[in-house]
2 protein chains.
Amino acid sequence: MIAYIFATERLPVKKVIMRRDVFQGIADPTRRAILCMIAMQAMTPNALAEHFDCSRQAISKHIKILTECQLVKQEYSGREIYYHCNIKKVKEVDKWLEPFREMWEHKFDRLDTVLKNLKNKKP
Amino acid sequence: MIAYIFATERLPVKKVIMRRDVFQGIADPTRRAILCMIAMQAMTPNALAEHFDCSRQAISKHIKILTECQLVKQEYSGREIYYHCNIKKVKEVDKWLEPFREMWEHKFDRLDTVLKNLKNKKP
DNA sequence: ATTTTGCGCAACCAAATGATTGCGTATATA
DNA sequence: TATATACGCAATCATTTGGTTGCGCAAAAT
């Protein structure tokens with residue numbers, strides 16, 4: 001019995017179910033800021049960290065998440081890593097908005113016709 | 001000194017800093033699905049829960065978050081509550097995309113000019 | 001009037017998040 | 001060659017998230 005105890009080591013089962021999609025990526029305000037900055041110009045983690053009130057490691061972790069959901073791409077240059085924004089992936093958010101955009105545009109259309117009808121009825 | 005120990009009760013400081021913005025709202029896939037559904041037609045929590053593989057309470061919690069970030073509005077009808085999508089708030093995401101959209105549109109513009117130049121040079 | 005239904009709220013739990021510190025490695029500089 | 005710098009990774013921690021169950025209240029249905 002005691003042998004059994006020794007035999008069964010506590011395995012690190014730890015099933016990780018992290019959602020790593022674009023929406024999770026842009027959920028954090030710091031990550032959104034990072035995205036905006038590197039969209040203008042590719043930057044290294046250190047350069048980025050200078051603009052935020054947290055450690056380089058914290059920024060690196062955010063970048064890691066952004067990389068996992070493919071919102072950023074990396075480009076090595078010696079010991080430095082330049083992070084770029086993957087605009088194509090940002091488009092996914094835009095795509096999700098599509099049906100909603102149709103809605104708020106339709107709303108205006110309807111408002112337009114209402115106004116038109118009002119105008120036509122006036123005289 | 002001992003008196004001091006007794007005097008300082010462990011206060012429940014527990015500073016709650018929950019981000020309740022649109023991006024946090026749409027970070028969860030279930031919440032995005034809820035939003036899509038009620039954008040088409042206002043629904044009650046029970047009606048919504050029927051479409052998901054989780055309890056009504058879980059859905060209610062999601063709705064609570066969506067309400068807190070103003071992505072949904074409620075309308076009471078007796079003991080039922082109909083949840084509506086607040087399209088105006090969804091627009092905030094669209095607004096954030098603006099600079100990025102400009103980028104990917106500019107890209108196409110440049111591609112267009114490249115193609116044009118290629119065409120002009122051909123003959 | 002009693003029971004059923006629709007719903008929010010509180011308590012609880014496992015897992016994920018956001019941040020920190022310390023460490024190892026590879027590249028640049030002295 | 002020795003030192004400084006840039007960076008990722010692992011461990012750790014408090015807080016948040018996403019889910020559950022159980023409860024109570026008000027509106028409907030019986």
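Chain letters run A, B, ... following the sequence lines, proteins first and then strands; every chain starts at 1. Given the structure is predicted, the values throughout are model-derived calculations rather than measurements.
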Just how far, in rounded Å, is [atom2] of [N] from [atom1] of [X]?
{"X": "B/Leu66", "N": "D/dG18", "atom1": "CG", "atom2": "C1'", "answer": "13 Å"}
{"X": "A/Ile59", "N": "D/dC7", "atom1": "CD1", "atom2": "C1'", "answer": "14 Å"}
{"X": "B/Asp21", "N": "D/dT16", "atom1": "CG", "atom2": "P", "answer": "14 Å"}
{"X": "A/Tyr82", "N": "D/dA6", "atom1": "OH", "atom2": "P", "answer": "10 Å"}
{"X": "B/Glu68", "N": "D/dT17", "atom1": "CD", "atom2": "C1'", "answer": "13 Å"}
{"X": "A/Tyr76", "N": "C/dT25", "atom1": "OH", "atom2": "P", "answer": "17 Å"}
{"X": "B/Glu50", "N": "C/dG6", "atom1": "CD", "atom2": "C1'", "answer": "12 Å"}

### Query
Under a 4.5 Å side-chain heavy-atom rule over Ile, Leu, Val, Met, Phe, Trp and Tyr, are A/Val90 and B/Met103 clustered together?
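Yes, same cluster.
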Under 3.5 Å, side-chain donor or acceptor atoms of residues 47-60 of chain A against the rest of the protein: list the pairs with distances, not counting sequence neighbours.
from    : atom 1 : to      : atom 2 : distance (Å)
A/His51 : ND1    : A/Ala47 : O      : 3.0
A/Ser55 : OG     : A/Ala58 : N      : 3.2

### Message
Between B/Lys95 and B/Glu92 (salt bridge meaning N to carboxylate O under 4.0 Å), is one present in this structure?
### Response
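Not counted as a salt bridge, because no side-chain N and carboxylate O are separated by less than 4.0 Å.
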### Query
Could you write nucleotides 17-22 of chain C as a row of B, S and -, 5' to 3', where a protein heavy atom under 4.0 Å of any base atom gives B, of only sugar-phosphate atoms gives S, and otherwise -?
SBBBBB
### Query
Is there a side-chain contact (heavy atoms from CB on, under 4.5 Å) between A/Val93 and B/Phe100 once you walk through the steps?
CA-CA 11 Å; A/Val93 182; B/Phe100 295 94; over 6 Å; no
### Query
What is the distance from atom CE of B/Met43 to atom CD1 of B/Ile38, rounded to the nearest 0.5 Å?
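Answer for the CE-CD1 pair, B/Met43 versus B/Ile38, is 9.0 Å.
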Ignoring hydrogens and angles, write down the donor-acceptor pairs under 3.5 Å from the side chains of residues 22-37 of chain A, residues two or more places apart or on other chains.
from    : atom 1 : to      : atom 2 : distance (Å)
A/Gln24 : OE1    : A/Arg19 : NH1    : 3.0
A/Asp28 : OD2    : A/Thr30 : N      : 2.8
A/Asp28 : OD2    : A/Thr30 : OG1    : 3.4
A/Asp28 : OD2    : A/Arg31 : N      : 3.2
A/Arg31 : NE     : A/Gly25 : O      : 2.7
A/Arg31 : NH1    : A/His62 : ND1    : 3.0
A/Arg31 : NH2    : A/Gln24 : O      : 3.1
A/Arg32 : NH1    : A/Ile26 : O      : 2.7
A/Arg32 : NH1    : A/Ala27 : O      : 3.3
A/Arg32 : NH2    : B/Asp21 : OD2    : 3.3

### Query
Of all of residues 36-49 of chain A, which get a heavy atom below 4.0 angstrom from DNA chain D, listed by number?
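Residues of residues 36-49 of chain A under 4.0 Å from DNA chain D: A/Thr44, A/Pro45, A/Asn46.
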### Task
For residues 65-85 of chain B, pull every pair meeting salt bridge (charged side-chain N to carboxylate O under 4.0 Å, His left out), keeping only residues two or more places apart or in separate chains.
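Only B/Arg20-B/Glu68 qualify under salt bridge (charged side-chain N to carboxylate O under 4.0 Å, His left out).
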### Those residues that, when tested against B/Ile81, pass side-chain contact (heavy atoms from CB on, under 4.5 Å) (two or more places apart)
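For B/Ile81 the side-chain contact (heavy atoms from CB on, under 4.5 Å) partners, ignoring immediate neighbours, are B/Gln74, B/Tyr76, B/Tyr83.
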### Message
Using the side chain to side chain donor-acceptor pair (under 3.5 Å) criterion, which residues pair with B/Glu98? Sequence neighbours excluded.
### Response
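So B/Glu98 forms a side chain to side chain donor-acceptor pair (under 3.5 Å) with B/Arg101.
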### Task
Quick one: list whatever passes salt bridge (Lys or Arg N to Asp or Glu O under 4.0 Å) with B/Lys61, sequence neighbours left out.
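Here no residue qualifies.
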Report all interatomic pairs (protein N or O, nucleotide N or O of nucleotides 26-30 of chain C) with separations under 3.5 Å.
from   : atom 1 : to      : atom 2 : distance (Å)
C/dT27 : O3'    : A/Arg79 : N      : 3.4
C/dT27 : O2     : A/Arg79 : NH1    : 3.0

### Message
To check you understand the geometry: which heavy-atom pair defines the closest contact between B/Thr67 and B/Val72, and what is its length?
### Response
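Looking at all heavy atoms of both residues, the closest pair is OG1-CG2, 3.2 Å.
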